[in-house]
Amino acid sequence: MGVVTPPTDRTPKQDRSRATRQRLLEAAVACLAEHGWAGSTVSVVAEHAGVSRGAAQHHFPTREDLFTAAVEYVAEQRSAALRALPVQGRTAVVAALVDLYTGPLFRAALQLWVAASNESQLRPRVTELEARVGRETHRIAVELLAADETKPGARETVQGLLDMARGLGLANVLTDDTARRQRVVAQWAALVDDVLD
């Protein structure tokens, strides 16, 4: 009589590891957006992701590693979504750019910025990450808006749009600012058209 072996999980170990890492990243962003830096420990994120603390620390040895990787991961997702936007009018592009700053990613990033302002080991990592994300967002905005940055004022208009979007995101953190935001987006779209045409 042959040896009976129990059925095994057919998912390759590398795929399971990648899935665990992704769950941790998504859970970290959700926890940071919902609980802030103080309430988002590795244990809380691991529990939210449905994995052990040891598994979380296997993928991300420190809390800083986990949260900077999480914000970077979602920023990459955001950039991919922006790049995938169909060619459309500038008003829709302005609205899509503003939407980047009013969702859970922005809330999570904001919590990370506040923590970095007080945590010297986190500050350089967040500063470098935000500079990279900012450059990428600016580049994508220029493409989507079909902005010719050699034209005087075009670069500053795109940067002003992104700064305004960030400000609208801050206003939305405490209260739902949708009605006012829609009016501001319409006005900025008109301004962008005037400068970039």
Side-chain angles (χ1 to χ4, degrees), residues 22-42 44-45 48-49 60 63-85 88 90-119 122-145 156-189 191-192:
Q22 184 169 343
R23 281 199 323 272
L24 284 164
L25 292 172
E26 291 169 355
V29 170
C31 288
L32 201 53
E34 186 178 335
H35 306 295
W37 176 256
S40 297
T41 64
V42 173
V44 167
V45 172
H48 192 274
F60 303 100
R63 183 180 186 203
E64 292 79 12
D65 291 335
L66 172 60
F67 287 105
T68 53
V71 171
E72 184 170 18
Y73 165 77
V74 180
E76 289 168 4
Q77 298 291 316
R78 179 180 76 177
S79 292
L82 268 180
R83 284 190 297 272
L85 281 176
Q88 51 191 324
R90 285 190 176 135
T91 301
V93 171
V94 169
L97 290 168
V98 168
D99 285 347
L100 290 177
Y101 295 97
T102 55
L105 171 63
F106 181 74
R107 284 182 179 280
L110 183 59
Q111 293 294 332
L112 201 58
W113 296 344
V114 171
S117 71
N118 296 315
E119 307 238 355
L122 187 59
R123 186 177 304 120
R125 297 174 77 166
V126 172
T127 301
E128 188 277 326
L129 171 63
E130 286 304 316
R132 193 165 15 111
V133 168
R135 284 189 303 271
E136 175 71 1
T137 303
H138 183 93
R139 188 186 62 71
I140 292 169
V142 166
E143 289 175 17
L144 291 172
L145 293 166
E156 293 77 9
T157 298
V158 172
Q159 191 57 55
L161 166 61
L162 295 174
D163 290 344
M164 179 272 307
R166 192 177 299 113
L168 290 175
L170 283 171
N172 198 58
V173 167
L174 296 177
T175 61
D176 183 359
D177 202 32
T178 304
R180 185 178 75 87
R181 187 169 62 246
Q182 288 171 340
R183 292 190 307 274
V184 172
V185 165
Q187 181 62 35
W188 261 91
L191 292 169
V192 166

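Scope of the values below: all heavy atoms of this structure, side chains included, with no hydrogens, waters or symmetry mates. Position 1 is the first residue of the sequence; numbering continues from there.
Arg180 places a side-chain heavy atom less than 4.5 Å from the side chain of Leu168. For the pair Leu161 and Leu145, the minimum side-chain heavy-atom distance is below 4.5 Å. Using a 4.5 Å heavy-atom cutoff, the side chains of Arg132 and Arg135 are in contact. Using a 4.5 Å heavy-atom threshold, the side chains of Tyr101 and Asn172 count as separate. The shortest distance between side-chain heavy atoms of Met164 and Val98 falls below 4.5 Å. Between Arg125 and Asp65 there is a side-chain heavy-atom pair separated by less than 4.5 Å.
Between Glu130 atom CD and Thr137 atom OG1 the span is 8.5 Å, to the nearest 0.5 Å. Atom OH of Tyr73 is separated from atom OG1 of Thr68 by 15.0 Å, given to the nearest 0.5 angstrom. If you take OG1 on Thr127 and CH2 on Trp113, they are separated by 11.0 Å, rounding to the nearest 0.5 Å.
Residues Leu97 and Leu162 share a closest heavy-atom pair of CD2-CD2, 4.3 Å. Phe60 and Ala69 get closest at one heavy-atom pair: CE2-CB, 3.6 Å. For Val45 against Leu24, the heavy-atom pair with the smallest separation is CG1-O, 3.6 Å. Val94 and Trp188 get closest at one heavy-atom pair: CG1-CB, 4.4 Å. Nearest heavy-atom pair, Ala27 versus His48, reported as atom, atom and distance to 0.1 Å: CB-ND1, 3.4 Å. Nearest heavy atom pair, residue Ala171 against residue Asp177, reads CB-OD2, 3.6 Å.
Ionic pairing of Glu136 and Arg139 is present here: one or more N-O contacts between side-chain nitrogen and carboxylate oxygen are shorter than 4.0 angstrom.
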Audit row: Leu122, Leu112, side chain to side chain contact (heavy atoms under 4.5 Å, CB included) steps and yes/no: CA-CA 9 Å; Leu122 187 59; Leu112 201 58; 4.0 Å; yes
Pair Glu72-Val133, side chain to side chain contact (heavy atoms under 4.5 Å, CB included): steps then yes or no: CA-CA 8 Å; Glu72 184 170 18; Val133 168; 5.9 Å; no
Working for side chain to side chain contact (heavy atoms under 4.5 Å, CB included), residues Arg63 and Trp37: CA-CA 10 Å; Arg63 183 180 186 203; Trp37 176 256; 3.4 Å; yes
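Side-chain N or O atoms of Thr102 include one that pairs as donor or acceptor with a backbone N or O of Asp99 at under 3.5 Å. No donor-acceptor pair closer than 3.5 Å links the side chain of Arg90 to the backbone N or O of Ala189. At distances below 3.5 Å, at least one donor-acceptor pair connects side-chain atoms of Ser40 with backbone N or O atoms of Cys31.
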